[in-house]
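Note that these values count all heavy atoms, side chains included, but never hydrogens, waters or copies made by symmetry. Nothing fancy with the numbering, it's 1 onward along the sequence.
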Amino acid sequence: MGQGYIATRRETVVSVFERARARGELAPEADVDLLWQLASATIFFREFVSGEKVDDELVRRLVDNVILPLTRG
């Protein structure tokens, strides 16, 4: 994967987190770069390392059990 592609995806995801922060939905101290890395690493690992499917249930679990708890500070 090219760095341009990854940088574009990162910008998109980080901007979503930043907008959530501006709305007060994300703790001011939440590390949005780490959140981006955790989410993308989990999806990459499932898809390319373990060969497991990335589906809506995984995304829900990732958001509910990892991302949201980390955003609340």
Same cluster (ILVMFWY, side-chain, under 4.5 Å), Val16 and Leu34: no
Let me check something: any side-chain donor-acceptor pairs from residues 57-70 under 3.5 Å, sequence neighbours excluded? List them with distances.
| residue | atom | partner | partner atom | Å |
| --- | --- | --- | --- | --- |
| Glu57 | OE1 | Arg60 | NE | 3.2 |
| Glu57 | OE2 | Arg60 | NH2 | 2.7 |
| Arg60 | NH1 | Asp64 | OD2 | 3.0 |
| Asn65 | ND2 | Arg61 | O | 3.2 |

Summary of side-chain hydrogen bond (donor to acceptor under 3.5 Å, both in side chains) pairs that have at least one residue in residues 41-52, sequence neighbours excluded: Ser50-Glu52
Approximate separation, where rounding is to 0.5 Å, of Ile6 CD1 and Phe44 CZ: 8.5 Å
Which residues share a salt bridge (charged side-chain N to carboxylate O under 4.0 Å, His left out) with Asp33, sequence neighbours left out: Arg10
For Val32, all residues meeting side chain to side chain contact (heavy atoms under 4.5 Å, CB included), sequence neighbours excluded: Val14, Phe17, Glu18, Arg21, Leu26
Residues that Glu25 engages under salt bridge (charged side-chain N to carboxylate O under 4.0 Å, His left out), provided they are two or more places apart: Arg23
Side chain to side chain donor-acceptor pair (under 3.5 Å) against Ser15, all qualifying residues, sequence neighbours excluded: Arg19
Spatial distance of atom CD1 (Ile43) from atom CZ (Arg9) [nearest 0.5 Å]: 12.0 Å
